[in-house]
Structure formats: C-alpha cells, structure tokens
> 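Provided herewith is a single structure, encoded as structure tokens, for subsequent inquiry.
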There are 2 protein chains.
Amino acid sequence: MSTAPDDGSAGRRGRPPVTEEERRRRRLEISRQAVALFREHGVAETTGEQIARAAGVSERTLWRLFRTKESCVEPLLSVSLDAFVHVLRSWPESAELGEHLRAAYVMPPEDLEAVLAVVRMSRDEPGVRAVWLVLHERAEPVFAAALGQRLGLPADDLTVLVRAAAVNAALRVLSDALAWSDGADPSSGMLDEHRDRLAEELRALTELPARRP
Amino acid sequence: MSTAPDDGSAGRRGRPPVTEEERRRRRLEISRQAVALFREHGVAETTGEQIARAAGVSERTLWRLFRTKESCVEPLLSVSLDAFVHVLRSWPESAELGEHLRAAYVMPPEDLEAVLAVVRMSRDEPGVRAVWLVLHERAEPVFAAALGQRLGLPADDLTVLVRAAAVNAALRVLSDALAWSDGADPSSGMLDEHRDRLAEELRALTELPARRP
DNA sequence: CTTTTAATGGCAGGGACTGCCACAAAGACG
DNA sequence: CGTCTTTGTGGCAGTCCCTGCCATTAAAAG
C-alpha cells in the first residue's frame, strides 16, 4: 500500500492550484513593496494602484491577495511573529529561556528594520495598528499549544489560553518598546537587551503557579 | 485668590464648544443604534447612511463623530471596559478581588447583552474585531497606572506595562469565553462563573513575584 | 489539439470617507 | 435689541477602496 496520502490529484484535469507556500512568498514580496511605499509617502498618500504597480500585478489581483490596503503590511509583520513561534516550539525542556532566545530568535536584518518601522508608524496609523494587533491575536492559539504541552494541559484550557494571551501581550509590549527605543541603531546592544528583558518577563509568566483548586 | 482654574473662557466670544461629556453620550447613543442595525442586517449590509438616519444626524456628521463604519461599535464596547477600569480603580488594598469584582463589576444588562453580541459578531467581522482589540489596548495605560500604584512602581515601568497588558489580555480572553458560552442566558450563573474565573486569573497575574535582580 | 480547471486582468459600480462652503446655533458685547 | 464671533451641522462633489462579473490566459490531462 502507498504511504503518500491521496491528495485527490490522481488523474486530475486542469491547471493545478498554486501552492500555499507560493502564495505566502508572493504576499510577502508584495508586502515588502507596500511597506516601502508606506514608509516613503505615508499610508494615506499611497494608493492601491501604486502598490499594485510596484508589485507588478494588476490592482484586481492585489485585492484578491489582500483584504484591505493596510493589511498589506501583514505578511512582513508575520515574519517577526513566526520567528518567535519558532523559538517557542524549539524551546527544549531543559534550556534556559534567555539563552534559547538569543540563539533562536533571529530574522533577516532588513526585515527586522522594516518591521520596527511599521510598528513605529502604527502609532499614528490606526489601520496599521489594527493589523498588528489582529495578527498578534491570531498567533495566540499557537502559543497556547506550546504552553499547554509544557504545562500538561489541553490547548483550549482557559488558564492556558489566558497565559498564552499574556505571553503574546508581553511580546507585543516589548516589541513596541524596542521599536521606540532610539530606533536608529537596532543592531547594537538594544536588541540583546530586548531579548533579555523578554526572557525575563516570559519566565515570570511561564513560571506562574497553577491555579488554585 | 480664586481656587477655580482659569479655563480661558473669561470674556470669551462665540458659541461655546460642546462638552466632552455631551459628545461621549451622543456617540454612545449612535453606537447603540449602529449595533442594533449591525445585529439585524449584518455589518456589510448596513450602510453609513442608514446609521446616520437611525441616529437622526446627517451622514456628514456621522463621519465627523466616527472614523470608520466599524468604529461605531466602539463607544458601546467602551461601556464594558470602563466598568472594569472602575473596578480596578476602586479596588481597596485589603479586599479580596473576587468579592470586589462581584460587587463593582456591573453595567446595564441591555448594554451587556449588546456588548456580548458584538464580541460574538467580531469573530466573522475582522473590522469589528480590530476595533475591539484596539480599544482594549487603549485601556492598558489605565491598567498600568492602577497596577503601578499597587506595586509601588512608575506607570511607565516596563514590568508594569507588561503586567497591565497581561491583565488586559486575560480580560479579553475571558470576555470572549463568556460571549461564546451559550450566550442565550447571560443572566444565569455564567456571569458569576465568569467573574470568579476572572478574579482567579487576575490574582495569579497580580501576585506575580517581582522581577529578579 | 481539445478539454478542464485555476488564475489573472479589465471594467463598471457602490459605498466609505474627505474637503469645501454655506448656514444655523449660541453666547459676548454694544 | 442687533451685531460680532466662534462652533457645530448639512449638503455637495469628488476620490479611492474594494467587489462582482466576464473574457482571457496558463497549466495540466487525455
């Protein structure tokens, strides 16, 4: 018997749908273009048509790939959150969180710079801020799964959900703080300090005693 | 000497500006109308003109009072958050949080019902969800002020900010849980259970040990 | 090549907002 | 009282975000 699962494409006619991975890469590329435009001219002054032209697609397909203009920043911000998710998932039971963060919490420097720029611009752009918050919330189930495993509780347990949301909030607050801490030089010790601080707060949250009976 | 502060209106000419309080009441009234329409017809099917007519104002003034269509739900949701802020502020040092919540965490039942309905609808309405999350975030400085006072730390201390965000997140998660827990009968014991659960999670968060040196 | 399915692009249109201006409301001052 | 000054409201035109629809193209299988 075959070990490969049947994806239903055996003898299938017609053009195959694009891979989910391809779609993600494409959205990310457009996102980078959009953020560049947003940074240069501001969000309100950047039109959907400009984004589409910069990305080399028609406006129609742009609106198929993104629900709103502001949500064009989402894939880029996701790079940052995905990096953190990777940290949580690869966190060995024994390791010290600070050390692990230092080793595993990495991403392309130019993406990091762009992410921090978006976070800064989200202060005066409510639409962008909303995307940032919604994106953070969407990451919570993943956090809950990781935390639940660590605590030996189901991922939909209320305590686990609350704690996942708390971890999420800590990550957001500290990311904001990093973005606003003299953003001129993110490659300096600020990043390390940010990571240490994050590790410290997360340890406090994850070492919380279980709920009383 | 006079004790009343000079508001600069002495001998002032022209029509006096509308009170902030009046503006808030007006926005809340429109918000109730908008939510009623959203519940009846859905958000996408409700037009700005309809909201304006239902509220008895011109469309032009509607857009002066609300940035976007979805943000019309904000003042109503604020009722819920303001109630919690009131709880935090009036929380005596000695009292047990659960008891205090039970006594002070109250609001008009019809508003509560509408708030829970909006929270439920926010699951499939990204715009509404965004308003809910942004509103929650805007409450964090208030939480930070209250927590900072309790911990004897400045309100802009990073640890205080993180903890305020965690409290905020717990409130949001539990509100969501309440909204989805068989919303047919919010007047039953569900509400009390929600409050107890909230008190429990908040106690865990607020009793966190201070950061290690 | 034909058939079939998926993706794109162009076009028309609705509706959310905004800038602008005229006008009404509400007070101070003569 | 009328006049002046400031503030809020309504109406209108216009821009742009975004959607539904259809024709066209791309990529496979037969």
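All of these numbers come straight from a predicted model, not from anything done at the bench. Reminder, nothing fancy here: chain letters follow the sequence lines and each chain counts from 1.
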> Would you sort out whether A/Asp196 and A/Arg102 count as a salt bridge (charged side-chain N to carboxylate O under 4.0 Å, His left out), showing the intermediate values?
CA-CA 8 Å; A/Asp196 290 343; A/Arg102 227 183 258 267; 2.9 Å; yes
> Test of understanding: with ring-ring contact (aromatic ring centres under 6.0 Å, His included), list the residues that count as partners of B/Phe143, not counting sequence neighbours.
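ring-ring contact (aromatic ring centres under 6.0 Å, His included) check on B/Phe143 returns B/Phe84.
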> Applying ring-ring contact (aromatic ring centres under 6.0 Å, His included), which residue pairs with at least one partner in residues 33-65 of chain B are found, sequence neighbours left out?
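Sorted result for residues 33-65 of chain B: empty, none.
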> Go through the structure and list residues passing side chain to side chain donor-acceptor pair (under 3.5 Å) with B/Asp156, not counting sequence neighbours.
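B/Asp156 satisfies side chain to side chain donor-acceptor pair (under 3.5 Å) with no residue once adjacent residues are dropped.
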> When every nucleotide of nucleotides 5-15 of chain D is labelled 5' to 3' by its protein contacts under 4.0 Å (heavy atoms), B for base, S for sugar-phosphate only, - for none, what sequence of letters results?
BBBSBBBB---
> Starting at CH2 of A/Trp63 and ending at P of C/dG9, how long is that distance when rounded to a whole Å?
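Answer to the nearest Å: 14 Å.
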> Please state how far atom NZ in A/Lys69 lies from atom C1' in D/dC16, giving the value in whole angstrom units.
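After rounding, the gap between these two atoms is 8 Å.
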> Under 4.0 Å from any atom of DNA chain D, heavy atoms only: list the residues of residues 29-47 of chain B that qualify, in numerical order.
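Within this stretch, nothing sits under 4.0 Å of the strand.
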> Is there a donor-acceptor contact under 3.5 Å linking the side chains of B/Ser90 and B/His100?
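Looking only at side-chain atoms, B/His100 and B/Ser90 do form a donor-acceptor pair, the distance falling under 3.5 Å.
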> Rounded to whole Å, how long is the line connecting atom CD of B/Glu70 with atom C1' of C/dG15?
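So the two atoms are 12 Å apart, to the nearest Å.
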> Applying side-chain hydrogen bond (donor to acceptor under 3.5 Å, both in side chains), which residue pairs with at least one partner in residues 27-40 of chain A are found, sequence neighbours left out?
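Listed by first then second residue: A/Arg27-A/Glu74, A/Glu29-A/Arg32, A/Arg32-A/Asp111, A/Arg39-A/Glu113.
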> May I ask you to decide whether B/Arg197 forms a salt bridge with B/Glu193, counting only side-chain N to carboxylate O separations under 4.0 Å?
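Here B/Arg197 does not pair with B/Glu193 in a salt bridge, since their nearest N and O are not under 4.0 Å apart.
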> Quick one, A/Trp132 and A/Asp176 - any side-chain contact, counting heavy atoms below 4.5 Å?
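They are in side-chain contact.
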> Find the distance A/Arg53:CZ to D/dC16:P and express it as a whole number of Å.
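Rounded to whole Å, this separation is 12 Å.
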> Would you mind reading off the distance between A/Glu20 atom CD and C/dA6 atom P, rounded to a whole angstrom?
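Going from CD in A/Glu20 over to P in C/dA6 covers 15 Å.
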